[in-house]
Amino acid sequence: VQLQAFGGGLVQAGGSLRLSCAASSGGTFSSYRMGWFRQAPGKEREFVAAISGGGSTTNYADSVRGRFTISRDNAKNMVYLQMTGLKPEDTAGYYCAADLRSTSWYTYTYWGQGTQVTVSS
């Protein structure tokens with residue numbers, strides 16, 4: 001499966017952004033667990049959120065729980081990350097990821113290119 005993330009940008013602290021990730025090829029999109037990760041300069045990549053194939057189950061990092069919402073539209077082969085209450089520490093490149101077989105929320109085989117989110121104070 002090929003993934004393309006978009007929707008990043010520059011936003012003031014307290015603002016909102018919605019990231020999107022489009023998936024193409026790779027079979028049935030609803031078979032894939034989808035995740036969002038982020039990586040800030042000089043830091044390791046970190047898990048942000050994930051959603052099950054059918055969309056009924058989600059998981060969030062403690063740092064974003066209550067502020068970010070992951071969702072998906074399997075008819076459109078899309079996954080979204082709605083980000084609210086953004087903080088400067090949310091500044092990072094955000095990446096979407098997909099996996100077909102893993103049972104872990106944190107392990108993914110397919111990765112898209114990132115989209116930059118910058119939150120100004």
Side-chain angles (χ1 to χ4, degrees):
V1 63
Q2 294 178 326
L3 305 171
Q4 177 69 53
F6 56 95
L10 174 64
V11 62
Q12 289 188 333
S16 300
L17 274 176
R18 187 176 83 154
L19 304 184
S20 300
C21 176
S24 61
S25 69
T28 305
F29 180 64
S30 61
S31 298
Y32 289 86
R33 174 179 288 117
M34 300 297 296
W36 285 97
F37 289 73
R38 67 187 182 187
Q39 187 168 19
K43 295 188 177 181
E44 293 187 354
R45 184 173 62 196
E46 65 173 349
F47 170 80
V48 175
I51 188 166
S52 61
S56 61
T57 308
T58 57
N59 190 28
Y60 295 93
D62 289 343
S63 59
V64 307
R65 186 175 290 112
R67 299 188 298 122
F68 291 10
T69 302
I70 188 171
S71 62
R72 65 191 297 160
D73 185 337
N74 286 341
K76 296 182 179 179
N77 287 8
M78 296 288 295
V79 64
Y80 307 99
L81 185 68
Q82 179 67 50
M83 305 185 294
T84 63
L86 283 161
K87 305 175 181 180
E89 51 263 44
D90 294 319
T91 295
Y94 282 72
Y95 300 83
C96 61
D99 202 273
L100 190 59
R101 304 184 186 281
S102 171
T103 58
S104 168
W105 287 114
Y106 311 108
T107 302
Y108 294 83
T109 301
Y110 305 99
W111 293 84
Q113 63 184 55
T115 185
Q116 180 67 32
V117 172
T118 302
V119 184
S120 62
S121 57

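A distance of 9.0 Å separates CG in N77 from CE in M34, rounded to the nearest 0.5 Å. A distance of 6.5 Å separates CD1 of I70 from CG of L81, quoted to the nearest 0.5 Å. Residue T84 holds its OG1 atom at 13.5 Å from CZ of R18, rounded to the nearest 0.5 Å.
A salt bridge is absent between D90 and K87: the closest approach of a Lys/Arg side-chain nitrogen to an acidic carboxylate oxygen does not fall below 4.0 angstrom.
Not a single donor-acceptor pair under 3.5 Å links the side chain of T107 to the backbone N or O of S104. Remark: the backbone N or O of S102 is paired with a side-chain donor or acceptor of R33 at under 3.5 angstrom. A donor-acceptor pair under 3.5 Å links the side-chain atoms of D99 to the main chain of T109, judged by distance alone. Side-chain N or O atoms of T115 include one that pairs as donor or acceptor with a backbone N or O of G8 at under 3.5 Å.
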Using a 3.5 Å cut-off and no angle test, enumerate the donor-acceptor pairs between side-chain atoms of residues 41-52 and protein atoms at least two apart in sequence or in another chain.
unit_1	atom_1	unit_2	atom_2	d
E46	OE2	R38	NE	2.5
E46	OE2	R38	NH2	3.1
S52	OG	G55	N	3.4
S52	OG	S56	N	3.3
S52	OG	T57	N	3.1
S52	OG	T57	O	3.4

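In plain terms, the two heavy atoms of A13 and P88 that are nearest each other are CB-CD, 4.2 Å. R67 and G85 make their closest contact through NH1-O, 2.9 Å (heavy atoms, listed as atom of the first residue, atom of the second, distance). Scanning both residues, V1 and A23, for their nearest heavy atoms gives CG2-CB, 3.8 Å.
Screening Y94, Y95, F68 for a side-chain contact (heavy atoms from CB on, under 4.5 Å) involving L19 leaves a single residue, Y94.
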In sequence, state the C-alpha distance, the side-chain angles, and the governing distance for S16 and Q82, and then conclude on side chain to side chain contact (heavy atoms under 4.5 Å, CB included). CA-CA 8 Å; S16 300; Q82 179 67 50; 4.1 Å; yes
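Figure legend: cation-pi geometry between R72 and F29, with NZ or CZ positioned under 6.0 Å from the six-membered ring centre and within 45° of its axis.
By the 4.5 Å heavy-atom criterion applied to side chains, Q116 and T91 are counted as neighbours. Looking only at side-chain heavy atoms (C-beta outward), C21 and W36 come within less than 4.5 Å of each other.
Hydrophobic clustering (ILVMFWY, side-chain heavy atoms < 4.5 Å, transitive): W111 and Y106 are in one cluster.
Using cut-offs of 30° and 60° for the angle between ring planes, the F37 and Y108 rings count as perpendicular.
In the hydrophobic clustering, where aliphatic and aromatic side chains (Ile, Leu, Val, Met, Phe, Trp, Tyr) are joined below 4.5 Å either directly or transitively, Y80 groups with F6, M78.
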